[in-house]
Amino acid sequence: MLTWLRFNNSLFLANQNTPMLTPNFTPFPVLTTDRLVLRRMTRDDIHELFRLRSDKRVNHYLIRAPYQSVEDANAFITKTDTAIPNNEFIIWGITLKDENKVIGTICIWNLKREHDRAEVGYELYPDYWRKGIMQEALTAILDYGFNTMKLHSIAAIIDPFNQGSYSLLEKNHFVKEAHFKEDYFHDGKFKDTVIYSLLSPK
Ligand SMILES: CC(C)(COP(=O)(O)OP(=O)(O)OC[C@H]1O[C@@H](n2cnc3c(N)ncnc32)[C@H](O)[C@@H]1OP(=O)(O)O)[C@@H](O)C(=O)NCCC(=O)NCCS
């Protein structure tokens with residue numbers, strides 16, 4: 001029998017067997033790896049976040065508009081202050097163990113609760129590229145997504161020219177599942193998108 005389920009003010013039509021992701025990001029899950037601490041970002045991080053999200057190299061393949069001022073970073077932290085306690089999405093600031101400074105971010109967002117599915121997103125300041133940092137962060141987030149959140153699948157939607165990103169995903173056994181031709185307009189051009197996905201190992 002179908003019945004309506006409510007979660008965070010959204011209604012879902014479900015039957016007894018329908019998956020229903022119920023993440024809980026409180027208390028905020030601080031994750032540690034060999035070299036990194038993945039922690040919640042606060043207003044103390046807005047200058048680093050602005051530096052990251054205004055950098056042309058970081059934004060090159062992203063749909064997001066580059067940040068214009070520190071106020072954009074401040075507005076984003078305000079958004080997380082509501083979204084994280086409401087379990088809408090989660091984003092970690094990536095820091096090195098011996099420095100508290102945010103050098104990148106990694107998130108689980110676009111939660112599709114009735115499908116136990118979500119999307120991963122990540123970005124790192126260029127000074128730290130090619131040192132295995134995102135590999136380390138992604139390994140921790142995949143473990144959190146599959147084992148703590150109990151996701152069934154994790155997707156990543158990327159620009160097909162973003163070699164760093166697709167190589168990172170393929171290294172982590174994500175499979176390319178779709179290539180959409182010119183399905184979005186950004187920066188004066190129609191562009192392609194590619195969907196990668198990874199199923200829970202269980
Ligand atoms: C994509 C990105 C996160 C990679 O981070 P990183 O810390 O440099 O990646 P790592 O050093 O952990 O590399 C892990 C694997 O990813 C792949 N990789 C990363 N950067 C690569 C590059 N420039 N070219 C080819 N492969 C790359 C490799 O397979 C690498 O494994 P290897 O070192 O054994 O060859 C980083 O380049 C970045 O922040 N880019 C800008 C933001 C962005 O595009 N985000 C993705 C949005 S979908």
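We count residues from 1, following the sequence as given. Start at 1 and go down the list; that is how both ligands and their atoms are numbered.
- For Gln135, a nitrogen or oxygen atom sits less than 3.5 Å from a nitrogen or oxygen atom of ligand 1, counting backbone and side chain alike.
- Checked against a 3.5 angstrom limit, the closest N/O atoms of Leu124 and ligand 1 fall inside it.
- Where the criterion is an N or O separation shorter than 3.5 Å, residue side chain and backbone included, Arg130 meets it with respect to ligand 1.
- Ser197 and Arg117 form a side-chain donor-acceptor contact under 3.5 Å, judged by distance and modelled atom types alone.
- Here Gln163 pairs with Tyr166, Ser167 under the side-chain contact (heavy atoms from CB on, under 4.5 Å) rule; sequence neighbours left out.
- Using a 4.0 Å cut-off between heavy atoms, Leu62 contacts ligand 1 through its side chain alone, with no backbone atom that close.
- The atoms of ligand 1 that sit less than 4.0 Å from any heavy atom of Gly132 are 10 (P), 11 (O), 12 (O).
- The pair Asp72-Arg64 fails the salt-bridge criterion, with no side-chain N (NZ, NE, NH1 or NH2) lying under 4.0 Å from an Asp/Glu carboxylate O.
- A donor-acceptor contact closer than 3.5 angstrom is absent between the side chains of Glu123 and Asn59.
- Of the options Asp55, Ile158, Asn59, Thr105, the smallest heavy-atom separation from atom 48 (S) of ligand 1 is shown by Ile158.
- Scanning Trp129, Tyr125, Tyr128, Tyr166 for the heavy atom closest to atom 38 (C) of ligand 1 points to Trp129.
- Within a 6.0 Å sphere centred on CZ of Phe28, other residues, nucleotides and ligands contribute more than 12 heavy atoms.
- Looking at Asp159 against ligand 1, nothing comes within 4.0 Å, counting heavy atoms.
- Using a cut-off of 4.0 Å between Lys/Arg side-chain N and Asp/Glu carboxylate O, Asp44 and Lys101 are scored as not salt-bridged.
- Note: no N/O pair closer than 3.5 Å links Glu136 and ligand 1 by distance alone.
- The shortest N or O to N or O distance between Ser165 and ligand 1 is not under 3.5 Å.
- Atom 5 (O) of ligand 1 has its nearest heavy-atom neighbour, among Met134, Glu123, Glu119, in Met134.
- Within the structure, ligand 1 has Tyr122 among the residues with a heavy atom less than 4.0 angstrom away.
- Protein heavy atoms are absent from the space less than 4.0 angstrom from atom 2 (C) of ligand 1.
- A side-chain hydrogen bond (donor to acceptor under 3.5 Å, both in side chains) with Tyr196 is found for one member of Glu170, Lys176, Glu119, Glu177 and no other, namely Glu170.
- Nearest non-hydrogen protein atom to atom 42 (C) of ligand 1 is Val58 O, 3.5 Å.
- With respect to atom 44 (O) of ligand 1, the closest heavy atom belonging to the protein is Asn162 ND2, 2.8 Å.
- Scored by the side-chain hydrogen bond (donor to acceptor under 3.5 Å, both in side chains) test, Tyr122 finds Ser165 as partners (sequence neighbours excluded).
- Judged by a 6.0 Å distance limit and a 45° cone about the ring axis, Arg53 is positioned over the six-membered ring of Phe76.
- Evaluated by nearest non-hydrogen atom to atom 19 (C) of ligand 1, the leading choice among Ala137, Gly164, Ser167 is Gly164.
- Annotation for ligand 1: atoms under 4.0 Å from non-hydrogen atoms of Lys171 are 15 (C), 29 (O), 31 (O), 32 (P), 34 (O).
- Per-residue contacts place Lys131 under 4.0 angstrom from the following atoms of ligand 1 (heavy atoms of the residue considered): 11 (O).
- In this structure, Arg57 pairs ionically with Asp55, as a charged nitrogen and a carboxylate oxygen lie closer than 4.0 Å.
- Ion pairing between Glu136 and Lys131 fails under the 4.0 Å rule for side-chain N and carboxylate O.
- Counting only non-hydrogen atoms, the option in Leu168, Thr139, Leu169 that gets closest to atom 14 (C) of ligand 1 is Leu168.
- Between the side chain of Lys150 and the backbone N or O of Asn147, at least one donor-acceptor pair lies under 3.5 Å.
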